[in-house]
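Chain naming here is simple, since letters A, B, ... match the order of the sequence lines and numbering starts at 1 in each. Values reported hereafter were calculated over all heavy atoms of this structure, with side chains retained and with hydrogens, waters and symmetry mates removed.
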There are 2 protein chains.
Amino acid sequence: MVNGRRERKDAQRNLERVLQAAHELFAERGSDVTMEEVARRAGVGVGTIYRRFPSKEHLWAAVSHAACMDAQQCLYQATAQQHDPVGKLRALIMVQYRRSEEQSALLDMRPEAASESCANSSDQQQLYAALHAMLQEVIVEGQRRGTIRQGAPDVLAALCLELLNPRTFLHLRHIVGGSAEDCAEHAVQFVVAALSARG
Amino acid sequence: MVNGRRERKDAQRNLERVLQAAHELFAERGSDVTMEEVARRAGVGVGTIYRRFPSKEHLWAAVSHAACMDAQQCLYQATAQQHDPVGKLRALIMVQYRRSEEQSALLDMRPEAASESCANSSDQQQLYAALHAMLQEVIVEGQRRGTIRQGAPDVLAALCLELLNPRTFLHLRHIVGGSAEDCAEHAVQFVVAALSARG
DNA sequence: GCCAAAGTGGAATGTCGCGTCCGTTTTCCA
DNA sequence: TGGAAAACGGACGCGACATTCCACTTTGGC
C-alpha cells in the first residue's frame with residue numbers, strides 16, 4: 001500500500017505465517033527458539049522474517065504484545081461478568097489457567113527480572129501489573145464487604161498472583177493429573193481460604 | 001594424593017577459589033555466567049577450571065549440589081525444632097526466604113522443566129521434592145490433629161511450595177520493601193489462612 | 001638446589017545463533 | 001505481456017562462548 005502500490009499478497013501471507021509460527025514456538029518454548037526454526041516452521045527464509053522485524057527481540061515483542069493484549073482482554077471480560085469478589089477471583093484463575101495450558105512460555109513473566117534480553121517483554125510486565133491490579137481491586141472490594149480479611153491488599157494480591165503463574169499451573173497439573181479446570185478449582189479453594197475473613 | 005604424592009597446595013587452593021567464585025556468581029545470576037567470568041573472579045585461567053570440571057555443567061552441578069544439600073539440611077533442622085504444624089510451616093518459610101535473599105538463582109527450581117541444559121540440576125529437583133515432602137508431612141500431621149483443613153495433601157503442598165519459591169520472595173520483597181523476615185511473615189499468614197481448618 | 005610431575009593461564013579452535021547481503025523469483029501495473 | 005519494483009531465501013560474516021592445547025611455572029621429593 002506504500003507509494004500507491006498494493007501490498008503484495010505473498011508478503012501479506014508470509015507475514016501471517018511468520019507470526020503464527022513464532023506464536024506457536026514461543027508459546028511452547030519461550031524465546032530460546034532459533035530464528036531459523038521460526039523460518040522453517042513458517043515455510044520461509046530467515047531473510048523474510050528480517051524484512052519485517054529488525055531483530056529477534058522485535059519479533060518476540062510483536063508476538064508477546066498480541067498475546068498479552070489478548071490475555072488482558074480475556075481477564076477483563078471474565079471478571080466483568082462476575083459481581084462478587086469470590087466469583088471474580090474464580091474467573092481470573094480459570095481464565096489464566098486455561099490460557100496457561102497452551103501458552104505457558106509466552107505468559108510466564110517475572111516482573112522482578114526486568115532486563116533479561118527479550119525473555120521478558122514490557123508487555124508481559126504490563127500484563128502482570130494489570131493482573132495484580134485486578135486482584136488488588138477484588139481484594140479491596142471484598143474487604144469493604146467484609147468477606148475478605150484485612151491486610152495490605154497489594155501484598156495479598158502479590159501472593160495470589162504467584163498462584164496464577166503458568167508455572168504454578170504446570171506444576172499443579174503434573175500432580176493433580178486432571179484438566180486445567182480441575183487444577184484451577186484447587187487453586188480457587190486455596191486462594192479463597194487464604195483470603196476469607198475468619199468466621 | 002594420587003600416586004603417593006601429596007596434592008599440591010596451590011591446586012587445592014585454586015579449587016576452593018573456583019568453587020567459591022562459581023557459587024557467588026551462580027547464586028546471583030544463575031547459570032548464564034561465562035566460564036571466563038568465573039575464572040576471573042577466582043583469579044585463575046579457564047584451563048584451571050577445566051582441569052577439575054570437564055564442562056560447565058559439571059561445575060554447575062557441583063555448586064548446585066553443595067547448595068541444595070546445605071539448604072535441605074537447614075530446612076530439616078529448622079522443622080525438627082518445631083513441634084506443631086504451624087510452627088513447622090513458619091520455620092520452612094523463614095529459612096527458605098532468608099536463603100533466597102542470597103541465593104535466589106541457585107535455589108530457583110522448576111520441577112516441570114527438567115531438561116533445560118544445566119539451568120536445572122537434578123539436585124534442585126531433589127530439593128524441590130524434599131521440600132514438597134516436608135510440606136506434605138506437615139499438612140498430614142495438621143489434618144490428623146484437626147488444625148489443617150481436609151483436602152489432598154500433595155495438592156495443598158504443591159500450592160504452598162509455589163509460595164516458597166525464591167521468585168515469590170523477590171516479588172514480595174519488591175512490594176513489601178521490608179526485610180526477608182517481614183516478607184516471610186506475610187507469606188506465613190497467607191499460607192496458614194489457606195490451610196487452616198474452618199472455625 | 002635439581003628435576004620430574006603436576007598444575008597453570010590464556011591464545012587458539014570449534015560451534016552456534018543472529019543478522020546481512022545479493023542473485024533470483026514473484027507480483028503488480030500499464 | 002513486459003518490465004520495474006517488491007519480496008524472497010539461504011549462504012555468509014561475525015561475535016560470543018564453551019572447550020582444548022601446550023609452552024611455561026610451581027611444587028614436592030630427594
Side-chain angles (χ1 to χ4, degrees), chain A residues 1-22 24-26 28-64 105 115-121, chain B residues 1-23 25-26 28-64 105 115-121:
Chain A
M1 217 197 291
V2 181
N3 201 12
R5 205 175 176 114
R6 261 211 315 286
E7 184 186 28
R8 279 171 53 164
K9 61 173 181 290
D10 57 343
Q12 198 174 319
R13 181 174 44 76
N14 282 339
L15 176 61
E16 280 164 22
R17 283 187 184 178
V18 166
L19 285 171
Q20 173 69 19
E24 289 169 15
L25 290 169
F26 286 156
E28 193 183 329
R29 289 167 37 208
S31 60
D32 66 340
V33 170
T34 291
M35 289 301 262
E36 235 174 84
E37 277 181 286
V38 176
R40 209 178 316 127
R41 159 103 54 142
V44 304
V46 283
T48 301
I49 302 180
Y50 281 99
R51 162 165 298 269
R52 300 306 193 107
F53 304 96
S55 75
K56 184 180 180 181
E57 294 201 22
H58 283 81
L59 175 59
W60 169 267
V63 169
S64 175
S115 59
E116 290 179 31
S117 77
C118 59
N120 280 358
S121 67
Chain B
M1 221 194 292
V2 180
N3 200 12
R5 204 177 179 115
R6 263 213 310 288
E7 183 186 26
R8 278 170 54 165
K9 61 174 182 287
D10 58 341
Q12 198 175 319
R13 180 173 45 75
N14 282 339
L15 175 60
E16 278 164 23
R17 282 187 185 178
V18 166
L19 284 171
Q20 173 68 19
H23 178 89
L25 290 168
F26 286 155
E28 194 183 329
R29 290 166 37 207
S31 60
D32 66 339
V33 169
T34 290
M35 288 301 261
E36 234 173 84
E37 277 181 286
V38 176
R40 208 178 318 126
R41 160 104 54 143
V44 303
V46 282
T48 300
I49 302 181
Y50 280 96
R51 159 165 298 268
R52 301 306 193 109
F53 304 97
S55 75
K56 184 180 178 181
E57 295 200 21
H58 284 80
L59 175 59
W60 169 266
V63 170
S64 176
S115 60
E116 288 179 32
S117 77
C118 59
N120 280 355
S121 67

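- Going from atom CE of B/M35 over to atom P of C/dG14 covers 19 Å, rounded to whole Å.
- Distance CH2 (B/W60) to P (D/dA18): 13 Å, rounded to an integer number of Å.
- Between the CD atom of B/E36 and the P atom of D/dA18 there is a distance of 9 Å, rounded to whole Å.
- In this structure, B/R6 does not reach the D/dT27 phosphate: none of its side-chain N or O atoms is under 4.0 Å from OP1 or OP2.
- Rounding to the nearest 0.5 angstrom, the gap separating the CD atom in A/E36 from the CD1 atom in A/I49 is 9.5 Å.
- Atom CG in B/L59 sits 10.5 Å away from atom OG in B/S64 (nearest 0.5 Å).
- The distance from atom CG of B/L15 to atom P of C/dG9 is 13 Å, rounded to the nearest whole Å.
- Between B/A39 and B/G45 the shortest heavy-atom distance is CB-C, 3.9 Å.
- If you check distances only, the side chain of B/R8 does reach the base of C/dA6 with a donor-acceptor pair under 3.5 Å.
- The distance from atom CG of B/L19 to atom CZ of B/F26, rounded to the nearest 0.5 Å, is 10.0 Å.
- One interatomic measurement links the two molecules: CD of A/Q12 to P of C/dT26, which rounds to 19 Å at whole-angstrom precision.
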Nucleotide N/O to protein N/O under 3.5 Å, stretch nucleotides 2-4 of chain C:
none

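- Set against C/dT20, D/dA18, C/dG7, the side chain of A/V46 has C/dT20 as its closest nucleotide.
- Heavy-atom distances to DNA chain D give each of B/V33 and A/D10 a nearest nucleotide, and the one nearer the 5′ end belongs to A/D10.
- One atom, NZ of B/K56, and another, P of D/dT19, lie 8 Å apart when rounded to the nearest Å.
- Using a 4.0 Å cutoff on non-hydrogen atoms, the parts of residues 48-55 of chain B near DNA chain C are B/T48, B/R51, ordered by number.
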Apply side-chain contact (heavy atoms from CB on, under 4.5 Å) to the pair A/N14 and A/R51, showing each step before the final yes or no. CA-CA 11 Å; A/N14 282 339; A/R51 162 165 298 269; over 6 Å; no
Show your working on side-chain contact (heavy atoms from CB on, under 4.5 Å) between A/R13 and A/D10 and close with a plain yes or no. CA-CA 5 Å; A/R13 181 174 44 76; A/D10 57 343; 3.5 Å; yes
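- Under 4.0 angstrom from either OP1 or OP2 of C/dT26 there lies no side-chain N or O belonging to A/K9.
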Decide side-chain contact (heavy atoms from CB on, under 4.5 Å) for B/V18 and B/R52; before the verdict, give the C-alpha distance in whole Å, the side-chain angles of both, and the deciding distance to 0.1 Å. CA-CA 10 Å; B/V18 166; B/R52 301 306 193 109; over 6 Å; no
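- In this structure, the CD atom of B/E37 is 13 Å from the C1' atom of D/dA18, given to the nearest Å.
- Put simply, CG on A/D32 and CD on A/E37 are 8.5 Å apart, with the number rounded to the nearest 0.5 Å.
- Partners of B/S55 according to the side-chain hydrogen bond (donor to acceptor under 3.5 Å, both in side chains) rule, which considers only residues two or more places apart in sequence or in another chain, are B/H58.
- The CZ-P distance, from A/R17 to D/dA7, rounds to 16 Å in whole Å.
- Checking the phosphate oxygens (OP1, OP2) of D/dA7, no side-chain nitrogen or oxygen of A/N14 falls inside 4.0 Å.
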